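Step one of this worksheet: look at the structure below.
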Amino acid sequence: MLKESSGPFFFASLLPTFCRDSTATLRDLTVALGQPLLNYHDLGELCFKIRGGAACLGVCRMAHACGQLHQAVQNRATKERLITALNAAKQEFSIMQEKLETLAQLETKIVSNEADGP
């Protein structure tokens, strides 16, 4: 439905923004976890941001990994546990990014072929 109301290339145009924002948020999380004192409130906000973006795009595995990180932050887990959870989220992001780029390329080709007609 969103695709129909926003045009055929909406999803493909949204992916680079999502990937860029997620990369920045993962970087911010990494920096925040590198600090001597953890700011759990800021960490929670960053987790919420990246988890929400993944959930909106339907990237379930990444959203789940970010949810696990968010839960660890809410439980005020040890820095080691938080880093482990962040690494899992980064791994899921990497997998997702590769798949979404392929999907976006395929969608662009399909829409272009539909526009050209039979």
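Worth saying up front: this structure is predicted, and the values here are computed from it rather than measured.
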Looking at [X] and [Y], what are the two nearest heavy atoms and their distance?
X	Y	result
A77	L82	O-CD1, 3.7 Å
S22	I50	O-CD1, 3.8 Å
L43	A32	CD2-CB, 3.6 Å
K90	T30	NZ-OG1, 2.8 Å
C66	A89	SG-CB, 4.1 Å
R51	H70	NH1-ND1, 3.8 Å

According to a hydrophobic-cluster definition based on side-chain heavy atoms being under 4.5 Å apart (Ile, Leu, Val, Met, Phe, Trp, Tyr only), do [X] and [Y] belong together?
X	Y	answer
F18	L29	yes
L38	L46	yes
F93	I83	yes
L33	L26	yes

### Message
Using 0.5 Å steps for rounding, measure from the CD atom of Q105 to the CD1 atom of I110.
### Response
12.0 Å
### Task
Could you tell me the separation between the CE atom of M96 and the CD atom of Q91, rounded to the nearest 0.5 Å?
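That separation rounds to 12.5 Å.
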### Query
Where the side chain of E98 meets the backbone of S94, is there a donor-acceptor pair that is under 3.5 Å apart?
no
### Query
So which of H64, M62, Q97 actually passes side-chain contact (heavy atoms from CB on, under 4.5 Å) with E92?
M62
### Message
If you count every heavy atom of other residues, nucleotides or ligands that lies below 6.0 Å from K99 atom NZ, does the total exceed 12?
### Response
no
### Message
I'd like to check the side chain to side chain contact (heavy atoms under 4.5 Å, CB included) partners of T17; sequence neighbours left out, ordered by chain and number.
### Response
R20, D21
